[in-house]
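Below: one structure, written as structure tokens.
Within every chain, numbering begins at 1; the chains are lettered A, B, ... in the order of the sequence lines, protein sequences first and strands thereafter.
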Amino acid sequence: MVQAAVRSANSVDQGSDTPWVGRSIERVEDAALLSGRGRFIDDLGVQPGTLHATILRSPHAHADILSIDTEAAKRLPGVATVLTGSDVKAVTTSLVVGVKAPVECWPIAMDRVRYVGEPVAVIVATDRARAEDAAELINVEYRPRAAVVDPLGTLVSGAPVLHDGFPGNLASDRSFRYGDPEKAFAEAPHRFSIDIRYPRNSCTPIETYGVVASHDAGEDAYEVLANFQGPFSIHTVIARALKVPGNRLRLRTPPDSGGSFGVKQGVFPYIVLIAAAARVTGRPVKWIEDRLEHLTASVSATNRATTLSAAVAADGKILALDWDQVEDCGAHLRAPEPATLYRMHGNMTGAYDIRHVRIRNRVVVTNKTPTGLNRGFGGPQVYFALERLVQRIAIGLGLDPLDVIKRNLIGAGAFPYRTATGALLDSGNYQEAIARAVEQGRLADLKAKRDEAQAQGRLYGIGFTAVVEPSVSNMGYITTVLTAAERRKAGPKNGAQATATVGLDPVGSVTVHVASVPQGQGHRTVLSQVVADVFGLAPKDIRVNTEIDTAKDAWSIASGNYASRFAAAVAGTAKIAAERVAGRLGRIAASQLNVEAADIVFAKGFVASRHNPENRIAFSRVAALSHWSPGSLPDDAGQTIRETVFWTPPELTPPDEDDRINSSLCHGFIFDFCGVEIDPVTLETRIDRYVTMHDCGTILHPGMVNGQIRGGFAQALGAALYEEYAYADDGSFLTGTLADYLLPTTTEVPEPEIIHMETPSPFTPLGAKGVGEGNCMSTPVCLANAVADALGIADVTLPLVPARLAELVRGAEPPPPAGGAAIAPAREGDRRLRGEGQASVKGAPEQVWAMLLDPATLQSVIPGCQRVDRITDTHFRADVTLGIGPVSGRYRADVELFDLDPPRAVTLRGGATGALGFGNAEGRITLAPDGRGGTKLTYSYDAAIGGKVASIGGRLLDGATRVIIGQFFTALARKAGGGGASGGGFSLFGLLAKLASLFGGRR
Amino acid sequence: MKPPAFDYLRAETVGDVLEGLAQQGGDARVLAGGQSLMAMLNMRLAKPKLLIDIMRLKELRQIERKGDAVVIGAGVRQADLLAWPDLAEALPLVSLALPWVGHVQTRSRGTICGSLAHADPSAEMPLALVALGGEVLLRSAKRRRRVAAKDFFAGMMLTARSDDELIEGISLPVVRGSRFAFREVARRHGDFAIVACAAMKTEAGVRFTVGGVADVPTARDWPRLEGSALDDALNGFAYELGARDDVHATARYRRDLVRMIGRDLIGEVLQ
Amino acid sequence: MTRLKADARHSVRFTLNGKPAEGEAEPRMLLSDFLRHQLGATGTHVGCEHGVCGACTVVVDGMLTRSCLTLAAQVDGCEIRTVEGLAPSADRLGVLQQVFRRNHALQCGFCTAGILMSLDHYLAKNPAPTEADIRDLLSGHLCRCTGYTPIIQAALVAAAELASATKETSDA
Ligand SMILES: Cc1cc2nc3c(=O)[nH]c(=O)nc-3n(C[C@@H](O)[C@H](O)[C@H](O)COP(=O)(O)OP(=O)(O)OC[C@H]3O[C@@H](n4cnc5c(N)ncnc54)[C@H](O)[C@@H]3O)c2cc1C
Ligand code: FES
Ligand code: FES
């Protein structure tokens, strides 16, 4: 491993005579980033008087908001305002929803919350800490509703309904048919089927969201700076929500952005929210998302339940596919969803030549955070099903999985190849790519290693995947969710406008601007290479700006950094723009040098005659001429000051009448294989070797291409082995810190062995295709296939958590020894904590009963109790401060007593809420004489805890609850034993307050 | 994620600390390395009115051999102890376990005693303290006392320390002529343990200590056990620990690890 | 004994990259926020504020320190080093920085400052690390862009270059 990392990383190419494109030059971005001079959104100063916002979020997965009391918060010094749903509604309108249905989608809860983390109030103050102080003073009264988090469970009749406009929680249900799948299935000798649950995860950039917004009341215009990444179709969504025409929403991006991977598209609802706050306060407002907010409530990939069946011939040839996909978009269908589901629509047959396909696509809502863009975007979900199925077919037919892959590949001579579902695969030679990978990646050695390991009884397996990586999305693919008739009504959507501007200044130096919004991909460097080649200059002569300002720059709806569109579309557009300028410069130079324009070359800083290189003129002189002496330009030359090019590929047409859609412009090919070994004790998966072959067309900068592959690989490794946005069945979010949502670190990520092949795309100006997302599609399933091979199991679910594998591979557990401790009660699926116990208390049941129910003693005996309000004899409210160890919080508790059977039994029910979360519980206590003058007290309880503590304290949650209960009864026994019923006692109320408040207890 | 407001007291003497604790009691918190406390403050899980910074107190920074024990002061950072030249010889178990505590960047600030005060059930140092049968040295304005490891940990994040007490240090016995083994399973390198186990050869047989499963690290002393007797002992112990499910592991998986790692480690120290 | 009141701002002074620095802070102000927003030293980044991501790592009195888990008040009188102090001059990069650039060990650069501080601190004491040492050291940092291996390679190359530079100097 040591050597591997050293050997295969790239170093910089310093050669000089070859073109700049294709060389790994040093990045122009790096000097600033390496010396602390990056300009990320939170590094930029703000206007004096700018206010800071924090967001109060729902602890409940599903609840009605009965009231929000913001008075105390507003009174806190330094607080400018508190906005709740109604305040936001007064100045905005609902975000548009991507399907035709009578539903609204607001960036803040109106009178109902539908996921943990949904904004409930925006607090604006002089600084963030004060805003957070104020947030703790807001009192929201909720009435919880039943929640549903499972994509199939949400479709079951009787499941809680999230939106009346989505009956049965179904936002869209479309069926598609290509070729004759019924016939293929009827005639095929074999049918294989697989059920998949793809989990929720996210590529979680290390920089969180940030927004700075201001509002000019005179012009009713907004100015917003946000680390948004596009697509700028969202600009129209934001402007509409803010009720201004597009030209009154000036949206700018900062020069640097700390990673996005799609995720920063999801900042847009917050743009609306913070812009609304700026309008209400009349001051600029800044919000920097914190990590807890990001994990809980930014955005994630969709989770999906898929059933995929294949009709298969005896030799492994797949004759037809039948897809049934249920896409879980979370609580709101937020733009551009359900795009994750349709992005792959043209590619549902992967790298394979399969002519008959049936698809049913359902989009559902559940009580989870709304989904959005995330690297791979739909690809991981599709390929996990498809490539797992290919392995199952091989096993079922007794074939080698690689042979099944090869048998089904699209023929090398078939390009451009139209897939059954409409994609036009531009170019490739999949057979050749696999052959090279097998050879250069030494598959034979790996197989020998596996055989040897398996012979020794070790758990070693090999996985394969073949994947087509689509890039440069067709802006029209999402309309495939509509029927052809609906599309006709809505008007056509298609294409993928890319823009680039090349400008020459009065001293002839070159500036390039593109609307590509990079988040670390080195766009400025690559563009300087591309344009330098056109002008015969060096990259350092070209200055590139990639910030976007929608008020001044050329942009269109497809602008932005997603769908791997940079190399294929944007860089090519810059080349076209530069060539246009160069063409004109050539004519000017030709007239000055007295040669034909066709004889002109650009090289080494000069514009020269090809035949007589001595006859030349400095580039900067020609370039400056348009500024200083327009009159001396030849008549047909035109200006050479600035050229903006818009480019869109003609191949990206709208879906046709039969729902065939060319969803992307280019299609790279990836073939991966890997060897993994599983520790027999811990069941941890160790990646022994990982080989990844990429054909992404022409490579513009090898170092950056490999950087994209490594980065995607590491994220995919995370998705395969560690990462999941986990929800409990009650909708509690369980992975709210980076100690719970586990990103791989240096100790988990090996160096992948990268192999390249270059089949240029005929459809892009530079022959390049996207490369950024491929491993997010191929790697999770490749690892899963290897683990399935190692363990000989059929069903694998991501992430491959060792404890989950234990359930699959380990037989019955040794039973507990006779007479030993009983097994702790298994945790119920609904996450309620249940338990029971008993305690011996001195004093007769009557005495204990009196003690339990005496409200007068409550205040003095409940730890941390500030005040008790008695509503009725059996109903109390109180403010309590409770803590376990260092953790403490304030709660408002509400408790009622039922089924009183003095002095024998009582049932308590109630809940508590506070800034740290909420709990509710029900308990039954029975008292019986112990025959020695004392009382035997038996209790059983059933409690649920949610909110912040569940998200960030999950590891300790059950244990903490148990501690609290244990402590309570110890205290009970002690107190009753010591002072009897006089003075120091305990109360049922106290018990419930403690049960209901996580980490309650000690003092 | 900004902390709530609190006063900050930079103690210059131990007396300052004890006075602050005596006055403010449960509303005061000792600030040592801050690697747990500051994260809790940023998340507003804790709301002390006063933080007492003890890290400028030279007298708490000692690592001292006192007869058959090593006394480690409250100001000793995890990195200081790791760099102590006598560590492997005097406290082999600690030298095995300490590198598992967090990362280089957290050990450089976090203290040994802070980890004990925090009493996370999965933490390595509490496990080592229990395995070795060390003592915690507590001091308040009124008195000083020593509490044995097994009595110190009262539950998850709960200890026998009362609100007005400072952990001045700990005392760990130097166990001679024994053998030690330590193993930990976590989701990733540097994470809190799902299960951490230590085995130590004793005169009578073996002491086996497990962290990450019960609310507190728990030790068992066994005679020399082998074969199915050892399996039965481990199985019984695994169940007695009352393992639970969480997002990272199931109770069953934890019991499996106790059984399997227990066998390996005990075999290692007894061989 | 110094007791700083919760609701007031107090002066905090320290040495930042060899130069005196001063500002005012409430007791609760984090060192990360103080550096960035009071002193304008925005090269130190904040990614999690709970000690896990490592983006905020700086060196305080020779100790690697998460500035998000440190109060500004705690470092009064200390020596602090941040990424802004790594380059020998504004227009030149140090060896480690150059090697990072040459090896494409950064993409968005958001995590980079913390990683550089850990490496700069570590390599000064451990001139000949193994790959395993570097992986262990850097496990305290999260990077979402690079997949880490170029960073590990850069660290090993930098160690070698720094060692040979030291050797040359001492040979001379
Ligand atoms: C990324 C990360 C990973 C980690 N991984 C691990 C891990 O794997 N294993 C592990 O064990 N820990 C881990 N930790 C926590 C560990 O680093 C802490 O050092 C330790 O838990 C607390 O020590 P501290 O000196 O930082 O104490 P602080 O955070 O300052 O204090 C912790 C608590 O102890 C109290 N306290 C501290 N010192 C005293 C004293 N002398 N007297 C009385 N009370 C005191 C404080 O008031 C506070 O309540 C991790 C932390 C981070 C940030
Ligand atoms: S911001 Fe400090 S470690 Fe993440
Ligand atoms: S370079 Fe982007 S997070 Fe590391």
Side-chain angles (χ1 to χ4, degrees), chain B residues 1-17 19-20 23-24 28 31-45 47-57 77-80 83 99-100 102-110 186 188-192, chain C residues 1-8 10 12 25-33 46 48-54 56-78 114-115 117-119 121-122 125-126 132-142:
Chain B
M1 265 188 95
K2 305 295 174 197
F6 45 74
D7 285 3
Y8 168 85
L9 189 156
R10 186 179 303 126
E12 269 136 40
T13 65
V14 172
D16 293 347
V17 182
E19 193 188 310
Q23 278 169 9
Q24 215 104 27
L31 173 61
Q35 300 304 293
S36 295
L37 181 56
M38 285 306 304
M40 286 198 297
L41 290 173
N42 290 354
M43 294 183 194
R44 296 194 177 220
L45 287 174
K47 294 261 177 65
K49 297 205 169 78
L50 171 67
L51 288 195
I52 306 174
D53 183 352
I54 60 168
M55 296 312 283
R56 306 245 175 166
L57 300 177
R77 302 194 195 258
Q78 293 147 11
D80 298 337
W100 290 86
H103 305 277
V104 172
Q105 298 81 356
T106 65
R107 292 192 297 267
S108 61
R109 301 288 298 189
R188 297 170 309 180
H189 179 76
D191 282 336
F192 277 99
Chain C
M1 175 170 83
T2 318
R3 183 163 176 155
L4 309 180
K5 285 302 216 181
D7 44 10
H10 309 271
V12 176
E26 287 180 9
R28 63 163 138 177
M29 181 171 280
L30 302 176
L31 176 58
S32 46
D33 286 333
V46 171
C48 73
E49 294 182 305
H50 52 279
V52 183
C53 78
C56 69
T57 305
V58 301
V59 178
V60 176
D61 284 348
M63 278 173 277
L64 285 171
T65 299
R66 302 289 209 218
S67 59
C68 74
L69 298 184
T70 308
L71 300 170
Q74 268 176 288
V75 303
D76 192 56
C78 296
I115 292 177
M117 295 318 291
S118 276
L119 283 172
H121 178 266
Y122 183 85
K125 298 194 170 81
N126 304 275
D133 294 337
I134 297 294
R135 284 188 182 262
D136 180 67
L137 170 74
L138 295 183
S139 70
H141 292 273
L142 298 176

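- Of the two parts of His141(C), only the side chain, counted from C-beta on, holds a non-hydrogen atom closer than 4.5 Å to a non-hydrogen atom of chain B.
- Lys49(B) has no carboxylate O lying under 4.0 Å from a charged side-chain N of Asp7(B), or vice versa, which leaves the two without a salt bridge.
- Side-chain atoms of His121(C) do not come within 3.5 Å of backbone N or O of Val59(C) as any donor-acceptor pair.
- Here the side chain of Arg109(B) pairs no donor or acceptor atom with the backbone of Thr65(C) at under 3.5 angstrom.
- In this structure, the portion of Pro4(B) lying under 4.5 Å from any heavy atom of chain C is its backbone and not its side chain.
- Each of Val14(B), Leu9(B), Val17(B), Asp16(B) was checked for a side chain to side chain contact (heavy atoms under 4.5 Å, CB included) with Ile54(B), and the lone residue meeting it is Val17(B).
- Ranked by heavy-atom pairs under 4.5 Å with chain B, the first of Met63(C), Lys5(C), His50(C), Gln74(C) is Gln74(C).
- In this structure, chain B has heavy atoms under 4.5 Å from both the backbone and the side chain of Leu69(C).
- Contact count against chain C (heavy-atom pairs under 4.5 Å) is highest for Leu31(B) among Leu31(B), Ile52(B), Thr13(B).
- The greatest number of non-hydrogen atom pairs below 4.5 Å with chain B, out of Thr70(C), Thr2(C), Leu137(C), is found for Thr2(C).
- Chosen from Asp136(C), Asp7(C), Thr57(C), the residue pairing most often with chain B at heavy-atom distances under 4.5 Å is Asp136(C).
- The nearest pair of heavy atoms linking Ala186(B) to Asp191(B) is CB-O, 3.7 Å.
- The shortest side-chain heavy-atom distance between Leu51(B) and Leu71(C) falls under the 4.5 Å cut-off.
- The contact between Asp33(C) and chain B is made entirely by side chain atoms (from C-beta outward), counting heavy-atom distances below 4.5 Å.
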**Request:** In sequence, state the C-alpha distance, the side-chain angles, and the governing distance for Lys2(B) and Glu49(C), and then conclude on salt bridge (charged side-chain N to carboxylate O under 4.0 Å, His left out).
**Result:** CA-CA 8 Å; Lys2(B) 305 295 174 197; Glu49(C) 294 182 305; 2.7 Å; yes

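- Ranked by heavy-atom pairs under 4.5 Å with chain C, the list Met38(B), Glu12(B), Gln105(B), Glu19(B) is led by Gln105(B).
- Annotation: maximal heavy-atom pairing with chain C below 4.5 Å, among Arg56(B), Arg188(B), Met43(B), occurs at Arg56(B).
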